Amino acid sequence: MKNLKTLLLIAVFTLGVAGVTNAQKVGHINFEKLVAEMPGTKTLKLDIEKLGKTYQAEIEGMKKKLDAKVQKYSTEQNTQTKETNDKRALEVQQDGARYEQARQFAYQEMQKKQADGLNPIIEKAQKAIEDVAASKGILYVIDSTPGKGLLVKKGEDLFNAVKTKLGF
């Protein structure tokens with residue numbers, strides 16, 4: 001009976017130690033907040049705002065010209081021939097199509113510039129997270145950005161360590 005208790009105690013102790021050595025260190029970081037606070041992101045945001053203002057000025061200029069043309073043609077419509085009115089209607093339609101194309105082009109260019117600018121920033125952030133996790137012996141890092149599904153934050157928060165690693 002005494003041997004059985006000893007064996008049972010050794011088995012429980014061995015399983016308990018094995019469970020502790022197999023425990024995985026887990027960390028978490030608010031990835032969106034990290035990327036938003038990076039200096040490169042702030043610079044990118046300013047560049048995109050500047051580009052947006054340039055496109056907006058060009059598009060508003062096109063819109064004003066189109067509106068003026070429509071207004072002029074509308075007031076002169078009764079004094080012109082049917083052929084002239086038809087040509088003018090086609091001209092207005094083509095100008096409207098060019099205006100819409102310019103708007104779509106501006107939107108797509110801004111999206112492309114943002115994506116091209118964000119990719120290296122995201123890669124830099126991910127590399128810093130990997131480096132910090134490795135230096136702290138953390139095997140899993142979970143994104144704690146609100147809405148990502150993280151319910152419990154009992155692991156180590158890597159936000160400040162990654163910010164330090166990135167130098168801001």
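Because the structure is a prediction, the values reported are computed rather than measured.
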Inset, instruction - Output all residues satisfying salt bridge (Lys or Arg N to Asp or Glu O under 4.0 Å) with Glu37, sequence neighbours left out; order by chain, then residue number. - result: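 Lys163.
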So which heavy atom on [X] is nearest to which on [Y], and how close?
X      : Y      : value
Ile138 : Gly27  : CG2-N, 3.5 Å
Ala125 : Val35  : CB-CG2, 4.3 Å
Ala161 : Lys136 : CB-CE, 3.9 Å
Lys113 : Asp47  : CE-CB, 4.1 Å
Thr81  : Thr84  : OG1-OG1, 2.9 Å
Gln114 : Leu44  : O-CD2, 3.8 Å

Atom pair [atom1] ([X]) and [atom2] ([Y]), whose distance is rounded to the nearest 0.5 Å:
X     : Y      : atom1 : atom2 : answer
Ile59 : Thr54  : CD1   : OG1   : 10.5 Å
Glu32 : Thr41  : CD    : OG1   : 11.5 Å
Tyr55 : Tyr107 : OH    : OH    : 14.0 Å
Lys72 : Gln77  : NZ    : CD    : 14.0 Å
Leu51 : Lys53  : CG    : NZ    : 12.0 Å
Met62 : Gln101 : CE    : CD    : 8.5 Å

Any link between [X] and [Y] through a network of hydrophobic side chains (Ile, Leu, Val, Met, Phe, Trp, Tyr) touching at under 4.5 Å?
X      : Y      : result
Ile48  : Met38  : yes
Ile121 : Met110 : yes
Phe168 : Ile122 : yes

Inset, instruction - Mark yes or no: Lys33 above the aromatic ring of Phe159, with NZ or CZ under 6.0 Å from the six-membered ring centre and no more than 45 degrees from the axis. - result: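 Yes, cation above the ring, under 6.0 Å and within 45°.
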Inset, instruction - Using only heavy-atom distances, determine whether the side chains of Asn30 and Thr145 contain a donor-acceptor pair under 3.5 Å. - result: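 Yes, because at least one side-chain N or O of Asn30 sits under 3.5 Å from a partner of the opposite role on Thr145.
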Legend entry - Distance-only side-chain donor-acceptor flag, Tyr73 / Gln80, under 3.5 Å: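 On atom types as modelled, these side chains do not qualify, holding no pair under 3.5 Å.
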Inset, instruction - Check side chain to side chain donor-acceptor pair (under 3.5 Å) between Glu60 and all other residues, then give those that pass, not counting sequence neighbours. - result: Gln56
Given side chains that start at C-beta, do those of [X] and [Y] come closer than 4.5 Å, heavy atoms only?
X      : Y      : result
Glu76  : Arg88  : yes
Ile129 : Ile29  : yes
Gln126 : Phe31  : yes
Asp131 : Ser135 : no
Leu139 : Lys25  : no
His28  : Leu158 : no
Val92  : Leu66  : yes
Lys87  : Glu83  : no

Legend entry - Lys69 NZ: over 12 foreign heavy atoms closer than 6.0 Å: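 Buried by this count: over 12 neighbours within 6.0 Å.
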Inset, instruction - Using a cut-off of 6.0 Å, state whether more than 12 heavy atoms not belonging to Gln94 lie near its atom CD. - result: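 Count over threshold, so yes.
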Inset, instruction - For the pair Glu100 and Arg103, find out whether any cationic side-chain nitrogen is under 4.0 Å from an anionic carboxylate oxygen. - result: yes
Inset, instruction - Output all residues satisfying side-chain contact (heavy atoms from CB on, under 4.5 Å) with Lys63, sequence neighbours left out; order by chain, then residue number. - result: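 Lys63: side-chain contact (heavy atoms from CB on, under 4.5 Å) contacts with Asp67, Tyr99.
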